[in-house]
*Asks:* 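Quick one: the structure is below, questions incoming.
From a predicted model like this one, the values you see are computed outputs, not experimental measurements. Residue numbering restarts at 1 for every chain, and letters A, B, ... go by the order of the sequence lines. Reckoned from all heavy atoms, side chains included, excluding hydrogens, waters and symmetry mates.
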Amino acid sequence: MSRPELLPTRFDPTSFEGRWYEVWERSGAFTPDLPSDRSPFVIMIPPPNVTGKLHIGHALQFTLQDLVIRWRRMQGFNTLWLPGTDHAGIATQVMVERELAKEGTNRHELGRERFLERMWEWKAHYKDNISAQAKALGASCDWTRERFTLDPMLSRAVRHAFVTLFRQGLIYRSHRLINWCPRCLTALSDLEVVHKEIDGGMWDFAYPVEGGGEIVVSTSRPETMLGDTAVAVHPEDERYRHLIGRRVRHPLLDRTLPIVGDAVLVDTSFGTGAVKVTPAHDPADFATGERHGLERINILQPDGRINENGGPFAGLDRFEARKAVLQALAEHGLRRGERAHRHAVGHCQRCDTIVEPYLSLQWFVKADVLAKPALEAVRSGAVELIPDFWVATYENWLENILDWCISRQLWWGHRIPAFYCANGHTTVSEEDVTSCAECGAAVTQDPDVLDTWFSSALWPFSTLGWPAETEDMRAFYPTSVLITGFDILFFWVARMIMMGCHFTGKPPFAKVHLTGLVRDAQRQKMSKTKGNVMDPLELVQQFGADAVRFTLAALASPGRDLPLDVRRMEGYRAFATKLWNAARFVQMNLEGDELALDELEVPRLGVPERWILGELERTAQAANRAWEQFRFDEGCRELYHFVWGDLCDWYLELAKPVFQNGGGQRREPRDVRSVARGVVLEACKLLHPVMPFITEEIAAHLGAGAPLIRAPYPPGGRFADEGAARTMAALQAVVQEVRSYRHLVGLPPATQLEVVLPSLESELRRAFGELAGEIVRLANLSRLDLEATVAPPGAILDRAGGVDVAIVLPRDLVGAEEATRLGAELVKCQQELVRIQERLADEGFVARAPAQVVASSRETAAELARKVALIARTLESRG
RNA sequence: GGGCGCGUAGCUCAGUUUGGUUAGAGCGCUACCUUGACACGGUAGAGGUCUGCGGUUCGAGUCCGCACGCGCCCACCA
């Protein structure tokens, strides 16, 4: 049989990453079987926006999703990870509009049709970009099921959902106050408004009361007084109650406004206790207006300039108008004071323009009805949020949810399926219609599109063909896990649960793992303006996809942000290199006759073999547990420690003498070769979900036969060996004790020492006897005496790993340093011993603590006492 | 105004749910080592008493309360 070539000396990820991705994809491993009798495991990708390139946050989510999917695939689940992208209405339109602006044109000049062509070109470009990046990271998505939110299939789902909700009375059209972006010229939902603290002002001015006197009001937006239609006071307020029912004169416009009493709006302790009321430009005032039947005067044009209702101020920008109004009030002698005022002002999430509360005709989703089942789904545990502290946030939002404005005055998106005729009728239909359902008159379709998040909310099932009863729906819905950032808990997660429960009767996923935010090494948010963004592709180029993935997974502690430091990534690239070199070393020593681990008679193997197999299996259990619980950090830590600490530092060192000189007692060379190869292969399987590329490359070189992507994930638990673990722990402690002394005393590492283990218990004596050659090698000894029952006179005596260790050092080599260390060690042990003895002397402790705790305390005390005695004797004998 | 999270080695973080060995890891640091897998390496080591105060307990980094500091989310005080 032909043996694979030796792994190259240099570890170069770029030499094999692309090749393996092709192998996987061609093998069909990304695509689930259908039908299948295996259990499904399904993840829907949070579709990235087609706004641009992927950022490091996407890399994190792709990594974690791929990790889980690969692990489940190896466990034998019929896995589907469905990829796709989101049209991201405003966000993408803003990008293309910026491009047009650079060309000196705009969408209106282009017209709807040509503008949309540009949008689709943009989408095609960035969609390809995104897919390529996902592949570079090793994402094992099923590309045969790739979706885009504007695909015909998903668009049908959107229309069906809209029409159904409309017929159920859960979608309605209404003339109400919404958040308006004067730059984007569209309505926004409450969530799309970002509140920022702004240093603004608060101005007082007086309204002259008809028949004499004045009433002073305060405002942070003076220009809105052009739309005031009342002044409100508290009905119980002695200062003003006599004025209720009278009118004030608008000083800048030719009209008068009523003074109304309103206990809801007015807080007598705030400001002057009198409030100007602008129903068309303030949510609280809007409600007040409804209570009192006040006129609603809109004073703004869509672009944020004052309209004809602003009289002399018409045409001014809202902020110029603010100054002009203040100036005019001053000229009328009505200004009554001003002060600095810091307050939260709403900004457009996408373009950062200050938004205005604006009266307009929009479509809304009645949210409270949909919220109830969504709340119940989480409360009952049908949907598990991880970490669970998100439940409180989720509940708080859904309990106070307001209706959701879903219409957008954009062109890029799902056109609202409502058709209007000249007679004022509305036809809502899944199919395009040309005539009114009520009167047969010609109709025109609503020019607006839907909020992007409306289609995203349907993603878990619109991607599977819903509302058609497709095979995919039956096989893969509801999905298993959603992995996404906490920042879209409301935008997306909550709404998916709402829509999923409403339309399918089932929550769309069983678990939601909410990741933190990737930050820079100084914990700052990454942003283009700060220049601290990290491009995932560049990182992949520099460190290899596996190191990037391992870093992100290792940093992903639950509920915390990820401070990403390139030094950390360098460390994990070193880990990949270490694994590579270890595998190459093992491969160099193979002879082609190795057995699989399952073919070995494990109980007859040597201690190091039984020990490393035990550690392997313990690690496998730990890894499974970690992935199960989304503890990616823990899983990575376990695997790192196993490979570097157990396998490389100890086992391979213990294998060297066998590789070089042939076997010792109970250590047949072929067994050792088989174990070394088998353990590296198993480690590759364990690591494969995190580091898919390097593990495939290594496994192939070790003759794994088939790609790891479909190999069974090691469950662990087969080879636990308590005895081997105890022996190895003692061996490691003794070896480290000797090495430590050599350093301490300042002997060159090459100096061989003589060691006596004078009081070994019989079991350890036998085990150490079999490993004497290995101990001599690891500790670099001239002689190891396991038979003597007393320590040679003048030897350094200490206790390590429960074993008395006597190291024979020439007297003149023992310096002050060594005595100091021994002295310090002695004091430390004595203090600890006193602490434990005091605890043991405490009746309460002995009586109430569990027997096991008491017993282990006694053991520790005995061990410490022995150690103290040994060190004391050493210090004494060496003067 | 509500709600949430965090404060553990120089840095970044585990550990706290179910209280009990001498509190861990990576990076960084110090010393020595170019030993045929690996200097993206090896060996050994220094370094925290767990933000502070009080309480519960035989026993607290771990539970409770208060304080201080940091961060985030939600919210129509004009």
*Asks:* Taking only the side-chain heavy atoms of A/V266 (C-beta and beyond), determine which of B/G20, B/A78, B/C13 contains the nearest atom.
*Replies:* B/A78
*Asks:* Taking CD in A/Q541 as the centre, count heavy atoms belonging to other residues, nucleotides or ligands within less than 6.0 Å. Is the count above 12?
*Replies:*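 Open: at most 12 neighbouring heavy atoms sit under 6.0 Å from CD of A/Q541.
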*Asks:* Give A/L555 one of three labels, base, sugar-phosphate or nothing, depending on what nucleic acid heavy atoms sit under 4.0 Å from its own.
*Replies:*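 Answer is nothing: A/L555 stays at 4.0 Å or more from every strand.
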*Asks:* Between B/U22, B/C77, B/A75, which one does the side chain of A/H195 approach most closely?
*Replies:* B/A75
*Asks:* Side chains of A/E737 and A/S740: is there a donor and an acceptor less than 3.5 Å apart?
*Replies:*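 Side-chain D/A pair, A/E737 to A/S740: absent.
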*Asks:* Given atom CG of A/D561 and atom P of B/C70, what is their separation to the nearest angstrom?
*Replies:* 18 Å
*Asks:* Nearest to the side chain of A/A344, heavy atoms from C-beta on, is which of B/A37, B/A78, B/A75?
*Replies:* B/A75
*Asks:* So does A/T9 get a side-chain nitrogen or oxygen closer than 4.0 Å to the phosphate oxygens (OP1/OP2) of B/A37?
*Replies:*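 A/T9 to B/A37 OP1/OP2: no side-chain N or O under 4.0 Å.
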*Asks:* Could you please name the option among B/A25, B/U22, B/G20 that lies closest to any side-chain atom of A/R637?
*Replies:*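 Among B/A25, B/U22, B/G20, the one nearest the side chain of A/R637 is B/A25.
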*Asks:* Quick one: label A/Y640 by what it contacts on the DNA or RNA (base, sugar-phosphate, nothing), any heavy atom closer than 4.0 Å.
*Replies:*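 Sugar-phosphate contact only - A/Y640 comes under 4.0 Å of backbone atoms but never of a base.
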*Asks:* When you compare the side chains of A/D228 and A/Y207, does any donor N or O come within less than 3.5 Å of an acceptor on the partner?
*Replies:*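 Yes, because at least one side-chain N or O of A/D228 sits under 3.5 Å from a partner of the opposite role on A/Y207.
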*Asks:* On RNA chain B, check which nucleotide each of A/R835 and A/L562 is closest to and give me the residue with the more 5' one.
*Replies:*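 It is A/L562 whose nearest nucleotide is closer to the 5' end.
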*Asks:* Do A/D262 and A/H234 have side-chain N/O donor and acceptor atoms under 3.5 Å apart?
*Replies:*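 A/H234 and A/D262 do not have a side-chain donor-acceptor pair below 3.5 Å.
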*Asks:* Determine which nucleotide pairs with B/G65, using a 3.5 Å limit on both distances of a Watson-Crick or G-U wobble pair.
*Replies:*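 Matched B/G65 with B/C53 under the 3.5 Å cut-off.
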*Asks:* Atom pairs under 3.5 Å, N or O on each side, protein against nucleotides 4-9 of chain B: can you list them with distances?
*Replies:*
none

*Asks:* Could you list the donor-acceptor pairs under 3.5 angstrom formed by side chains in residues 861-868 of chain A, with sequence neighbours left out?
*Replies:*
from   : atom 1 : to     : atom 2 : distance (Å)
A/E863 : OE1    : A/R799 : NE     : 2.8
A/E863 : OE1    : A/R799 : NH2    : 3.0
A/E863 : OE2    : A/R799 : NE     : 2.7
A/R866 : NE     : A/D804 : OD1    : 3.0
A/R866 : NE     : A/D804 : OD2    : 3.1
A/R866 : NH2    : A/S759 : OG     : 3.3
A/R866 : NH2    : A/D804 : OD2    : 2.1
A/K867 : NZ     : A/R799 : O      : 3.3
A/K867 : NZ     : A/E825 : OE2    : 3.0

*Asks:* Please work out if A/N400 contacts a base, only the sugar-phosphate, or nothing of the nucleic acid, heavy-atom cut-off 4.0 Å.
*Replies:*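 Since no nucleic acid heavy atom lies under 4.0 Å of A/N400, the category is nothing.
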*Asks:* Identify the nucleotide, in any strand shown, that forms a Watson-Crick or G-U wobble pair with B/C76, with both distances under 3.5 Å; if there is none, say none.
*Replies:* none
*Asks:* Using only atom types and a distance under 3.5 Å, with no angle test, would you say the side chain of A/T751 pairs donor to acceptor with the backbone of A/L747?
*Replies:* no
*Asks:* Just to confirm, is there a sub-4.0 Å distance from OP1 or OP2 of B/G15 to any side-chain nitrogen or oxygen of A/R631?
*Replies:*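 For B/G15, OP1 or OP2 has a side-chain N or O of A/R631 closer than 4.0 Å.
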*Asks:* Once you apply the 3.5 Å cut-off to both distances, tell me the Watson-Crick or G-U wobble partner of B/C70, or none.
*Replies:*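 In the structure as shown, B/C70 has B/G5 as its Watson-Crick or wobble partner.
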*Asks:* Checking contacts here: which listed nucleotide (B/C38, B/C13, B/A78) is nearest the side-chain heavy atoms of A/P563?
*Replies:*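 Among B/C38, B/C13, B/A78, the one nearest the side chain of A/P563 is B/C13.
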*Asks:* Can you name the nearest heavy-atom pair linking A/R519 to A/M526, along with the distance?
*Replies:*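 Taking every non-hydrogen atom into account, O-CE, 3.4 Å.
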*Asks:* Tell me: CG of A/D649 to C1' of B/A37, nearest whole Å?
*Replies:*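 To the nearest whole Å, that distance equals 13 Å.
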*Asks:* If the cut-off is 4.0 Å, is A/R739 near the phosphate of B/A44, judged by side-chain N/O to OP1 or OP2?
*Replies:* yes
*Asks:* Looking at every strand, decide which applies to A/H281 at a 4.0 Å heavy-atom threshold: base, sugar-phosphate, or nothing.
*Replies:* nothing
*Asks:* Using a cut-off of 4.0 Å on non-hydrogen atoms, how would the nucleic acid contact of A/L489 be classed: base, sugar-phosphate, or nothing?
*Replies:* nothing
*Asks:* Considering every strand and a 4.0 Å limit on heavy-atom distances, what is the contact class for A/W644: base, sugar-phosphate, or nothing?
*Replies:* sugar-phosphate
*Asks:* With heavy atoms under 4.0 Å as the rule, sort A/S557 into base, sugar-phosphate or nothing.
*Replies:* sugar-phosphate
*Asks:* Rounded to whole angstrom units, what separation is found between the CD atom of A/E838 and the P atom of B/U22?
*Replies:*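 It is 13 Å, rounded to the nearest whole Å.
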*Asks:* Work out how far the P atom of B/G48 is from that of B/C6, and round it to whole angstrom.
*Replies:* 26 Å
*Asks:* Going by atom types only, do A/R291 and A/T288 share a side-chain donor-acceptor pair under 3.5 Å?
*Replies:* yes
*Asks:* Using the closest heavy atom to pick a nucleotide of RNA chain B for each, name whichever of A/A284 or A/Y572 lands nearer the 5' end.
*Replies:* A/Y572
*Asks:* Using purine N1 to pyrimidine N3 plus N6-O4 or O6-N4 for Watson-Crick, or N1-O2 and O6-N3 for G-U wobble, both under 3.5 Å, which nucleotide pairs with B/A23?
*Replies:* none
*Asks:* Against the six-membered ring of A/W404, is A/R495 placed for a cation-pi contact (under 6.0 Å from the centre, within 45° of the normal)?
*Replies:*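 Output yes; distance and angle both within limits.
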*Asks:* For the pair A/F486 and A/W390, name the ring-plane relationship: parallel under 30°, tilted 30 to 60°, perpendicular over 60°.
*Replies:*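 The arrangement is parallel - the two ring planes meet at less than 30°.
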*Asks:* Please report the distance, rounded to the nearest Å, between CG in A/D403 and C1' in B/C76.
*Replies:*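 Rounding to the nearest Å, CG of A/D403 and C1' of B/C76 are 16 Å apart.
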*Asks:* Have a look at A/D842 and say if it touches a base, only the backbone sugar-phosphate, or nothing, with a 4.0 Å heavy-atom cut-off.
*Replies:* sugar-phosphate
*Asks:* Base, sugar-phosphate, or nothing: which does A/E653 touch, judged by heavy atoms less than 4.0 Å apart?
*Replies:*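 Contact class for A/E653: base.
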*Asks:* Please determine whether a side-chain nitrogen or oxygen atom of A/K828 lies at a distance below 4.0 Å from atom OP1 or OP2 of B/U22.
*Replies:*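 False: A/K828 side-chain N/O out of range (4.0 Å or more) of B/U22 OP1/OP2.
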*Asks:* My understanding is that a pair needs two contacts under 3.5 Å, Watson-Crick or G-U wobble. By that rule, which nucleotide pairs with B/C29?
*Replies:* B/G45
*Asks:* May I ask you to evaluate whether A/H641 reaches the phosphate of B/G26, defined as a side-chain N or O under 4.0 Å from OP1 or OP2?
*Replies:* no
*Asks:* Among B/A37, B/C40, B/A75, find the nucleotide with the atom closest to the side chain of A/A574.
*Replies:*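 My answer, after comparing the listed nucleotides, is B/C40.
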*Asks:* Can you tell me whether the side chain of A/K578 and the base of B/C40 have a donor-acceptor pair closer than 3.5 Å?
*Replies:*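 Checked by distance alone, the answer is no.
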*Asks:* In the structure shown, which nucleotide is the Watson-Crick or G-U wobble counterpart of B/C38, with both distances under 3.5 Å?
*Replies:*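 Matched B/C38 with nothing under the 3.5 Å cut-off.
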*Asks:* Which is true for A/P850 with a 4.0 Å heavy-atom rule: it touches a base, it touches only sugar-phosphate, or it touches nothing?
*Replies:* base
*Asks:* Considering every strand and a 4.0 Å limit on heavy-atom distances, what is the contact class for A/Q736: base, sugar-phosphate, or nothing?
*Replies:* sugar-phosphate
*Asks:* If only side-chain N and O atoms count, and only distance matters, is there a donor-acceptor pair under 3.5 Å linking A/S218 with A/D204?
*Replies:* yes
*Asks:* So A/C648, base contact, sugar-phosphate only, or nothing? Heavy-atom distance under 4.0 Å.
*Replies:* base
*Asks:* Specify the separation, in whole Å, of atom CZ of A/F575 and atom P of B/G41.
*Replies:*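 So the CZ-P distance, A/F575 to B/G41, works out to 12 Å.
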